[in-house]
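Let me begin by presenting the structure, written as structure tokens, before commenting on it.
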Amino acid sequence: MQSASRSYDPHPRYEPVDGQVTEGWPVAVAALPPGPLVLAVDGPAALDWEALIGGLTEAVRGAGREAEALDVRDHHAPSAAERIAARPHPADDRFFTPLSQARATDLFDSVPRPRRPAGDGVLLVFGPGAALCAPDVLWYADLPKRYAEAAVGRGELPVGANLGRPGAPGDLARLFYTDWPVLDRHRDTLVGRVDRWIDTQDPAAPASLDGTALRATLDHLAHGPVRTRPYFNSTPWGGQWAASELGFTPQAGNTALGYELIAPEAGVLVGEKDGAQVEIPFQLLCVEHPEAMLGEEVHRRFGTSFPIRFDYLDTMGGGNLSLHLHPRERYMREVFGWPYTQHETYYVTASEEGARVLLGLTEDADPDVMRRQVEQAIADGTPLPVQDHIQTHPSVQGQLFMIPAGTPHASGAGNLVLEVSATPYLYSLRLYDWLRKDAAGASRPLPYEHGFANLDTARRGEDVVKDLIQQPRTLRAGEGWREEVIGALPEMFYAVHRLVADPGAAVPDDTAGRFHILNVAAGRGAVVETHDGRTHFLAFAETLTIPAAVGPYRVRSVGGDEVRIVKALVVEP
């Protein structure tokens, strides 16, 4: 049970099951079986593999055993980088690239088959794809993806940080579209047989959890409420709300993007209170227990992809987001390779006086004129008369704005928007960025060709207001509470509801075979109580996943004020 007396927690953690998190290489090495063995340490390319193998080798020798090392990167095929590469579309725009469909086996012409050493020795086979070498013992070393993203922002992503490119500078587009899809698929196939999970956030003293405890913990977490570790990134338009209200320290001056739950990058912290902890990818819960997490029908539709994300867009004290839209379903599938598309919604959690949301075409918008003006803005810096083409709407706290794929939109300055969206997050088709320059004086790339190819010109004028700025309608109610539908559209596979509870009220609910996601949007917080006796406190601004396997549960409001909780669920699998 978590305390019901705290505020926003940036480091939620859960105790491991059937084991404990240990710290340091010597403890991990002490658990190795006796006799000669091949120990494989697999993991992402962006790890500091030299430091890792140096510390591990020292620990093996410190335990009185001989140690040799084999770097599988030396056995990657000369053509590996080309073989696994995602192909940009169009060829000159690397950030609008279909996700690579390659496999880890494509890194090799021939996977090495190392022999066991003599005596009590240990052969350390390490690097991306090491698990393919038929080891006796398999460890997986991980580093959360935010470290590589932060290194890019600092200009410090090292040489060799990308798969199959040992001498090339690290590249962010390559990480997003090639390395991570390839390695995530590889990692997902290994979790059922990993003997130790190693978290290398502290390379001098890595934390680890043995494989049996890892899988038991995943099983436990997949059957109860779970919250991922949040973090915030900076961008040129970012604001200050999360820094001032939640205590986050901006990496580059602002807290623009708040990653509450974005499945491909989210992690769950596991470890005893005040002790060592490991961060386990949230996605592994869906890989190991898809029906428990997602529900049978949702799993059938989305596989092991967790299809809804919650994140914050913080422009409080910042600027307007770029004017953009997202690919429509067929285009997303055929051009970018995602089986479902990036529908979005904006829920206004807080706003400054006069703040606006840009959404939908005006009645008289002319896409051809708009296109010419976008091209002129790119060519010579002529400002786009946005108001001629795009509607603006008052940003009212508690209002939800629906943003189906193809709809032009942007959050204006002075907002804290909770983005309740489909999980794909790499394909923002920007049309205009207010002529902003980056630190190097360059304009942000604007993939307007993609944007105009996906622009929905049918919904405009009053239809935007009627369809996309919906008024709450009560779905059910009880003593001191009600559940409202605040956003649902036939073309969107998920709906957004809101639980409204008076002080001390308890709202009964049931996943009914489909996961729920909750976020406290107003009030102090709530306690979630499940039918099997688990309890989980949820403070203002926090996000919680209720797996499908939970079934009946209750949400009890905390504090002396009304509590409002945004709830999302799949309605059309």
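Quick caveat, the model's predicted, so the values are computed rather than measured. We're numbering straight along the sequence, starting at 1.
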Any Tyr259 side-chain heavy atom under 4.5 Å of Asp311 side chain: no

Contacts of Glu529 that satisfy salt bridge (Lys or Arg N to Asp or Glu O under 4.0 Å) - sequence neighbours left out: Arg554, Arg556

Heavy-atom check, side chain of Leu518 versus side chain of Ile546, under 4.5 Å: yes

Within-4.5 Å side-chain heavy-atom neighbours: Thr345 and Phe401: no

Check: Phe336 ring centre within less than 6.0 Å of His450 ring centre: yes

Test salt bridge (Lys or Arg N to Asp or Glu O under 4.0 Å) applied to Arg165 - qualifying residues, sequence neighbours left out: none

Contact check, side chains of Phe537 and Asp9, non-hydrogen atoms, under 4.5 Å: no

I'd like a table of donor-acceptor pairs (distance under 3.5 Å, sequence neighbours excluded) in which one partner is a side-chain atom from residues 485-498, with atom names and distances.
| residue | atom | partner | partner atom | Å |
| --- | --- | --- | --- | --- |
| Glu491 | OE2 | Arg459 | NH1 | 3.1 |
| Glu491 | OE2 | Arg459 | NH2 | 3.0 |
| Tyr494 | OH | His343 | O | 3.3 |
| Tyr494 | OH | Val420 | O | 2.9 |
| His497 | ND1 | Glu483 | OE2 | 2.7 |
| Arg498 | NE | Glu484 | OE1 | 2.9 |
| Arg498 | NH1 | Tyr347 | OH | 3.0 |
| Arg498 | NH1 | Gly398 | O | 2.9 |
| Arg498 | NH2 | Glu484 | OE1 | 3.0 |

Check: Tyr425 and Glu344 side chains under 4.5 Å, non-hydrogen atoms: no

Side chain proximity check, Ser305 to Pro264, heavy atoms < 4.5 angstrom: no

Charged N-O contact under 4.0 Å between Arg185 and Asp188: no

Salt bridge (Lys or Arg N to Asp or Glu O under 4.0 Å) partners of Arg73, counting only residues at least two apart: Glu50, Asp71

Any donor-acceptor N or O pair under 3.5 Å, side chains His223, Asp532: no

Ring centers of His531, Tyr553 separated by less than 6.0 Å: no

Pair Tyr14 + His536: ring centers closer than 6.0 Å: yes

Polar side-chain atom of Asp106 near backbone of Arg103 as donor-acceptor pair, under 3.5 Å: yes

Salt-bridge criterion met for Lys567 and Asp509 (N-O under 4.0 Å): yes

Any residue meeting ring-ring contact (aromatic ring centres under 6.0 Å, His included) with Phe126, in chain and number order, not counting sequence neighbours: none

ring-ring contact (aromatic ring centres under 6.0 Å, His included) partners for Trp237, two or more places apart: none

Side chain to side chain, Pro203 and Asp48, heavy atoms closer than 4.5 Å: no

